[in-house]
Amino acid sequence: MSALQLSVVIPVYNEEAGLDVLFARLYPALDALNLSYEIIFINDGSRDRSAAMLREQFERRPDVTRVVLLAGNFGQHMAIMAGFSRCRGERVVTLDADLQNPPEEIGKLLARMDEGYDYVGGVRQQRQDSSWRRHASWAMNRLRERITHVVMSDQGCMLRAYSREVIAAINNSHEVNTFIPALAYTYARNPGEVQVAHEERAAGESKYSLYNLIRLNFDLVTGFSLVPLQIFSMVGLVLSLLSGLLVVYLGLRRIFLGPEVDGVFTLFAIVFFLLGVVLFGIGLLGEYTGRIYQQVRQRPRYLIEAVLEQTGADQP
Ligand code: UDP
Ligand code: MG
């Protein structure tokens with residue numbers, strides 16, 4: 001049996017409204033590529049009919065479909081991890097289930113890999129998202145590039161292709177809250193990008209609130225860089241030098257001119273500002289300590305409830 005050429009990994013969380021359209025477009029698109037493929041759906045603890053629909057789809061196309069049912073909601077990236085650890089293809093493509101990444105574009109990614117890239121990220125042409133999300137992600141992209149040295153034109157695009165080597169490296173890392181596109185970037189020897197079309201969500205609603213997006217970006221920065229801590233200690237250094245000078249000045253003033261009460265509110269303002277800085281610093285420390293805590297507990301990152309695949313399928 002020749003090696004499987006392509007695995008498509010798709011996390012699914014409460015996507016019942018869009019799954020049928022996804023099935024109807026995905027399979028023909030992959031058949032048209034004329035290569036051997038498998039599709040791995042990971043049900044991330046959906047509370048709607050998604051799991052049942054995936055089961056039905058598995059029964060319709062058991063030759064190319066595998067379904068991993070997780071025992072709870074572990075998040076998009078952990079779901080993809082679960083898919084990565086079971087996929088067998090020489091190349092692996094990730095895709096969102098909501099059809100924002102058109103499956104017809106997979107061929108483009110593979111063509112780019114043929115040029116010699118071992119990791120190809122999709123870059124969305126004309127994003128169909130609200131303008132505040134476009135601006136927010138533009139700002140976050142620039143900040144992330146400066147802090148983490150992970151260069152991605154479009155971190156939010158999950159339509160990406162990975163070589164077997166990159167997948168193996170990802171499978172060997174045991175990070176808890178990670179961001180897969182950035183992790184892959186750190187392992188890729190020759191990362192590339194390609195423009196892909198982008199559509200509005202076919203059905204259902206986004207699983208990411210503003211809070212989730214902020215969390216995600218914190219994970220992205222603290223998971224890949226120590227720069228925030230270093231910046232913070234530099235800020236601390238400068239501030240303590242300045243306040244040292246202030247203390248000397250006030251001390252001398254007290255000796256030569258007597259005690260002062262004027263300007264006491266200015267002093268309050270400075271103190272409150274410093275307090276804010278300190279609280280932010282403690283929060284930042286907490287982000288890192290929290291990551292360490294999660295890492296040392298070594299709990300499983302996800303739990304698998306069941307796997308639907310053809311018996312006799314060779315194990316990875
Ligand atoms: N998803 C998941 N687990 C979650 C949240 C999302 O598996 O906890 C999946 C979801 O089903 C979709 C993909 O991750 O396939 C991206 O989610 P979504 O489209 O809601 O994100 P957005 O496009 O709004 O960034
Ligand atoms: Mg989406």
Side-chain angles (χ1 to χ4, degrees), residues 7-23 25-26 39-54 57 65-87 92-103 105-106 121-138 140-141 144 152-160 176-182 196-220 301-305:
S7 295
V8 178
V9 171
I10 308 181
V12 176
Y13 178 54
N14 295 346
E15 300 282 4
E16 62 176 4
L19 277 182
D20 280 327
V21 196
L22 175 70
F23 298 151
R25 280 177 59 183
L26 180 64
I39 305 174
I40 305 182
F41 293 102
I42 304 96
N43 176 48
D44 190 18
S46 301
R47 285 184 301 270
D48 63 0
R49 288 186 48 247
S50 298
M53 294 175 75
L54 292 177
Q57 181 60 22
T65 311
R66 299 164 75 196
V67 180
V68 178
L69 300 167
L70 297 185
N73 181 234
F74 296 92
Q76 180 185 359
H77 292 266
M78 286 305 117
I80 295 174
M81 278 286 186
F84 278 1
S85 67
R86 312 206 130 235
C87 65
V92 180
V93 167
T94 54
L95 198 72
D96 280 354
D98 58 1
L99 282 173
Q100 282 186 296
N101 316 130
E105 300 285 271
I106 292 175
V123 178
R124 293 169 285 188
Q125 299 160 326
Q126 314 145 1
R127 283 183 59 178
Q128 305 287 327
D129 276 324
S130 58
S131 88
W132 77 262
R133 260 190 86 160
R134 274 206 309 275
H135 286 102
S137 64
W138 180 86
M140 269 321 297
N141 269 315
R144 189 216 55 242
M152 286 186 289
S153 309
D154 190 357
Q155 68 175 46
C157 183
M158 289 308 285
L159 183 56
R160 286 164 188 275
V176 181
N177 278 318
T178 195
F179 188 74
I180 287 173
V196 292
H198 183 235
E199 295 170 9
E200 264 179 83
R201 215 171 205 292
E205 53 190 29
S206 172
K207 311 294 180 295
Y208 282 96
S209 60
L210 177 60
Y211 171 77
N212 284 333
L213 284 178
I214 294 174
R215 280 282 357 136
L216 188 76
N217 282 300
F218 254 113
D219 283 344
L220 192 49
R301 294 180 293 177
Y302 51 81
L303 292 173
I304 293 178
E305 188 178 285

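Numbering of residues begins at 1 and proceeds along the displayed sequence. All ligand and atom numbering here is 1-based and tracks the order in the structure.
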Record the part of [X] in heavy-atom contact with ligand 1 below 4.0 Å; permitted values are side chain, backbone, both and neither.
X	result
Arg201	side chain
Ile10	neither
Asp44	side chain
Gln76	both

Inset, instruction - Have a look at Val68 and tell me which of Asn43, Ile42, Leu54, Asp44 forms a side-chain contact (heavy atoms from CB on, under 4.5 Å) with it. - result: Ile42

Inset, instruction - Kindly give the heavy-atom pair with the smallest separation between Pro102 and Glu199, and that separation in Å. - result: CG-OE2, 3.6 Å

Legend entry - Nearest heavy atoms of Gln57 and Thr65, plus distance in Å: O-OG1, 4.3 Å

Heavy-atom contacts with [X] under 4.0 Å: which atoms of ligand 1 show up? List them by number with element.
X	answer
Asp98	19 (O), 23 (O)
Glu15	10 (C), 11 (O), 12 (C), 15 (O)
Tyr13	1 (N), 2 (C), 3 (N), 4 (C), 5 (C), 7 (O), 8 (O), 11 (O)
Gly75	3 (N), 8 (O)
Val12	7 (O), 11 (O)
Gln100	19 (O), 23 (O)

Inset, instruction - May I ask you to list the protein N, O or S atoms found at less than 2.8 Å from the Mg ion (ligand 2)? - result: Asp98 OD2, Gln100 OE1

Inset, instruction - Enter the distance from Glu15:CD to Asp96:CG here, rounded to the nearest 0.5 Å. - result: 8.0 Å

Inset, instruction - Look only at the side chain of Thr178 and the backbone of Ile180, and say whether a donor-acceptor pair between them is shorter than 3.5 Å. - result: no

Inset, instruction - Would you confirm whether Thr94, through its side chain, and Met158, through its main-chain N or O, come within 3.5 Å as a donor-acceptor pair? - result: yes

Legend entry - Any N/O pair Ala79/ligand 1 closer than 3.5 Å: no

Inset, instruction - Please determine if Glu205 has a nitrogen or oxygen closer than 3.5 Å to a nitrogen or oxygen of ligand 1. - result: no

Inset, instruction - Report the relative orientation of the aromatic rings in His77 and Phe179; use parallel for angles under 30°, tilted for 30 to 60°, perpendicular for over 60°. - result: tilted

